[in-house]
Amino acid sequence: MEQVIQTFKRKDAEERIPVLRMEIDYELVSLHDAMAEESLEKINQCKVRLEQLRQELIRLEA
């Protein structure tokens, strides 16, 4: 049973990683826009979100 659960989790991770990479790309574009606008609030929001996405990606790739 444990092996079935691990296989299911692995499949979920394989499907989530490409989506996560697209989310990171989008957030980087948002960060670029915020920097161009010189909006410190938006910059900080983007950085926080990017850190969350980075940590999730590290967990899934491990």
Residues that Glu37 engages under side chain to side chain donor-acceptor pair (under 3.5 Å), provided they are two or more places apart: Lys42
Partner of Glu27 under side chain to side chain contact (heavy atoms under 4.5 Å, CB included), picked from Lys47, Met22, Arg49, His32, is Arg49
Under 4.5 Å between side-chain heavy atoms, hopping through other hydrophobics if needed: is there a path connecting Leu20 to Val48? no
Got more than 12 heavy atoms from elsewhere within 6.0 Å of CD, Glu38? no
Can you find a side-chain donor-acceptor pair between Glu56 and Gln52 that sits under 3.5 Å? no
Between Met35 and Val29, is there a shared hydrophobic cluster once you connect ILVMFWY residues whose side-chain heavy atoms come closer than 4.5 Å? no
Can you tell me how far CG of Leu50 sits from CD of Glu23, rounded to the nearest 0.5 angstrom? 10.5 Å
Output for pair (Asp33 CG, Leu28 CG), nearest 0.5 Å, gives 11.0 Å
Identify whether Leu31 and Leu40 are in the same connected component of the hydrophobic contact network (ILVMFWY, side-chain heavy atoms under 4.5 Å). yes
Please enumerate all residues that pass side-chain contact (heavy atoms from CB on, under 4.5 Å) together with Arg21, with sequence neighbours excluded. Ile17, Leu57, Glu61
